[in-house]
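What follows is one structure encoded as structure tokens, with my remarks underneath.
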2 protein chains.
Amino acid sequence: MSSCETCVVRNRAICAGLDNQEIAALNTMGRRRSVGAGEPLIWEDDDSLLVANVIEGVLKLTTSTEDGREQIVGVAYPSDFIGRPFGQTSRASVVALTDARVCVFARNDFDRFAREHPELEHKLLERTLAELDRTRSWMMLLGRKTAPEKIATFLLEMSDRLDDTGCAVKLGPARRFSLPFSRQQVADVLGLTIETVSRQFTKLKNDGVIELPSRREVEILDRPALVALAG
Amino acid sequence: MSSCETCVVRNRAICAGLDNQEIAALNTMGRRRSVGAGEPLIWEDDDSLLVANVIEGVLKLTTSTEDGREQIVGVAYPSDFIGRPFGQTSRASVVALTDARVCVFARNDFDRFAREHPELEHKLLERTLAELDRTRSWMMLLGRKTAPEKIATFLLEMSDRLDDTGCAVKLGPARRFSLPFSRQQVADVLGLTIETVSRQFTKLKNDGVIELPSRREVEILDRPALVALAG
DNA sequence: GACTCGCCTTGACCGATATCAAATCGGTGA
DNA sequence: TCACCGATTTGATATCGGTCAAGGCGAGTC
């Protein structure tokens, strides 16, 4: 499933440009760690001691207000990086949505290594720029889209990111897939309430746009209709 | 006002770590350009030919839907970078909010230079990570905050970013400042309508929290109240 | 099978914010 | 000074999505 069996070694996206000796060094630094579904990885307002590379599973990045409102500000799939290298602390907490395996680095070690290996920093920069773009288009969704548009956009994004096993393998958009999110978590991604999410799902089902074989599974029956709804 | 009179040379935040020869090389590549208030710099869906460094002024990054809804997804102040190095095209358009001066690089030149100068890439990575953090906390605002909370958060952010001349010099939060945004643009930042923005401003004024000496000027009378409202 | 516990769906209602419309303000040029 | 025009404010009303409150369904467990 994962492209990275020995932590970082096989992760082509990250390691391209690193020579064998460098990969070996990274490998020594990193430690594998399993995180059960629902378990946290880095606490909000923590000192952000960790940088991690996702090997398998899906994790959420969230921020919340004092009174308990939560917003999911990012989702990490296999090969994504988590954490905040270089000094500043990140304000987001990380919680596994599915059972996950990650490759964890002490931030200081990682920082030092990265600074000595420009190719790695370049990869990180490219990824961070891509993530920023994704995040910005999500701002459009949060600020300006209606509930039906949000749901349609979300389903299309999921179908692009997931295959029918729930993993982030890309073979073109999946027709049927298994959501790593509960209804509440979908609501937290889209800035909606659980009831609104539920009603919109039901409406799409009644309109013949999707099928819901089980609570976590979605099958897209009419992709063009979804695209039109997404706006 | 600007910390950068000869384009990049004096911009300490970017140039730290570069030697004089490197700075000279960057300087040769960059060309200064003036952008009038309301003028665009890079069009949406363009090939994103430019990378630029803001010298003076404020610019907005926006995405919009086909039917004309607009969301401001970022704001660039002096010393900020604009554009999307390394291949991918950016989906955001850039428009000056005030008269602005920027230092423009052809993207290909910039990419090549950056790849040959790891220190510059490192700075870019740090900035991009910081911008990603800011963007993520803005997602919280868009998805989960109420209109009064949005307005209060916005005013506090402005007071941190601006001094009373409208420039991005930091001497602690400003008590009084001049907004680079019209009411419509404030609405586009916060995911609200112009009417809601106006009503909330009026309410804060009536409650004695702020004063509005003119359409573009704001004076904060009761900062603790604003902080409390921001949530 | 039936009990239980979470999660999800559904329904009734409400309220915050959008929408539509009109009045007012402030700056600009004659 | 006055007329004009766009920006802003204010008012009246509509609506989407939130809130509150029941049910229902499915997966374990006994």
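Lettering of chains follows the sequences in order, A, B, ..., and the numbering in each one begins at 1.
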OP1 or OP2 of [N] under 4.0 Å from side-chain N/O of [X]:
X	N	result
B/R183	D/dT9	yes
A/T196	D/dG17	no
A/S198	C/dT10	no

Given atom [atom1] of [X] and atom [atom2] of [N], what is their separation to the nearest angstrom?
X	N	atom1	atom2	value
A/L212	C/dC7	CG	C1'	15 Å
A/E195	C/dG11	CD	P	14 Å
A/R216	C/dC8	CZ	P	6 Å
A/D188	D/dG17	CG	P	17 Å
B/I194	C/dT17	CD1	P	17 Å
B/E149	D/dG18	CD	C1'	14 Å
B/R199	D/dT13	CZ	P	13 Å
B/I151	D/dT8	CD1	C1'	14 Å

Any side-chain heavy-atom pair of A/F154 and A/M158 under 4.5 Å: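 Yes. Closest side-chain heavy atoms under 4.5 Å.
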Residue met sooner reading DNA chain D from 5', once A/T146 and A/R215 are mapped to nucleotides: A/T146
Of B/V197 and A/K145, the one whose closest DNA chain D nucleotide lies more 5':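 Taking each residue's closest nucleotide, the earlier one in sequence belongs to B/V197.
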Reported CZ-to-CG distance for the pair B/F201 and B/N206, which is rounded to 0.5 angstrom: 13.5 Å
A/E149 side, atom CD; A/L226 side, atom CG - distance, nearest 0.5 Å: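 So the CD of A/E149 and the CG of A/L226 are separated by 12.5 Å.
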Ring geometry between A/F81 and A/F105 (parallel below 30°, tilted from 30 to 60°, perpendicular above 60°): parallel
Result of checking B/R33, B/R32, B/E56 against B/V102 for side-chain contact (heavy atoms from CB on, under 4.5 Å):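 Checked B/R33, B/R32, B/E56 against B/V102; only one passes side-chain contact (heavy atoms from CB on, under 4.5 Å): B/R33.
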Closest listed nucleotide, where the reference is the side chain of A/P148 and the choices are D/dG17, C/dT9, D/dA7: D/dG17
